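Worksheet for the structure shown next.
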Amino acid sequence: MNQVTVRNITFGEGRPKICVPITGRTGEEIALRTAELKAAKPDLAEWRADWYEEVFDREKLETMLAWLRVELGGLPLLVTFRTREEGGEQSISAGAYEDFLRTVMDSGQADLIDVELFRGEELLRDICKEAKAQGIKVIASSHDFEKTPAKEKILARLIRMQDCGADLLKLAVMPQTAEDVLTLLSATLEMKEQHAKQPVVTMSMGAKGAVSRLTGELFGSVMTFGSAGVASAPGQVSVPELKAALEVLRQA
Ligand SMILES: O=C1C[C@@](O)(C(=O)O)C[C@@H](O)[C@@H]1O
């Protein structure tokens, strides 16, 4: 499997990389979340731009991106607009979503950008091509906040992301049973061992799925989302607890 390097971190090398999401509806809230993130010292930051109430004002979006870049210093920055269909805070039209992605890429402030598979494979392929030309990594993503699909469906979705040219392949699912958590872990391991050319990021959400956020080094997930204040999804573990657990579970 290819490793993917962004600034000072390499996905697929060593322990899973800890990513802390920055939520916040206003500039003040974003500043507070960013200060909490810096204190927690994660490996990278995710700006969840769908929380930002001014996200559709291009000038304010560009200003916030520039501010985050300076504030985060050398920390890699992932920029995400999570659509409401996939658990996000705001609805967005197809055109506005495409405009958002291109505004973020053209800003030159993002190291990685999240693109949802279900917004269309043609868009994902186009963004992957354009991002590659600009030195930006694409995390293709898909989320199911209701259930955990069968292993074959999980594998098929990750392989579709890979075929579209994404640098990292991300899937978040919701377990209803402990068996569902085993399904996600088994699919992750099979993807790593049999299909992955690119690094994979998976999580089984909620309290039941917390084990999936700690065991990526064994099963094949190269990134884990942790909280430094406000979690952006159910089941996220605090960064200090995450760091301790990942150390206990080191496979080296
Ligand atoms: O896609 C993901 C994963 C996530 O939903 C989680 O379950 O930790 C958190 C989101 O902020 C991120 O964009």
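Quick caveat: nothing in here was measured; it's all calculated off a predicted structure. Whatever order the structure lists ligands and atoms in, that order sets their numbers, starting from 1.
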Using a 4.0 Å cutoff against the non-hydrogen atoms of [X], which atoms of ligand 1 qualify?
X: Ser232; result: 9 (C), 10 (C), 11 (O)
X: His143; result: 1 (O), 2 (C)
X: Met203; result: 3 (C), 7 (O)
X: Gln236; result: 6 (C), 8 (O), 9 (C)
X: Met205; result: 7 (O)
X: Arg48; result: 10 (C), 11 (O)

Donor-acceptor side-chain pairing of Thr23 and Arg48 below 3.5 angstrom
no
Among protein heavy atoms, which lies nearest [atom], and at what distance?
atom: atom 13 (O) of ligand 1; answer: Glu46 OE2, 2.6 Å
atom: atom 7 (O) of ligand 1; answer: Arg213 NH2, 2.9 Å
atom: atom 2 (C) of ligand 1; answer: Lys170 NZ, 3.2 Å
atom: atom 4 (C) of ligand 1; answer: Ala233 CB, 3.7 Å

Flag the pair [X] and [Y] as a salt bridge only when some basic side-chain nitrogen lies within less than 4.0 angstrom of an acidic carboxylate oxygen.
X: Arg102; Y: Glu98; answer: yes
X: Asp99; Y: Arg58; answer: no
X: Arg125; Y: Glu122; answer: no
X: Glu86; Y: Arg119; answer: yes
X: Asp43; Y: Arg15; answer: yes
X: Lys208; Y: Asp180; answer: no

Using distance alone, determine whether Thr80 and ligand 1 share an N or O pair under 3.5 Å.
no
Any N or O of Arg82 closer than 3.5 Å to N or O of ligand 1:
yes
Would you say CD of Glu146 has more than 12 non-hydrogen atoms from neighbouring residues, nucleotides or ligands within 6.0 angstrom?
no
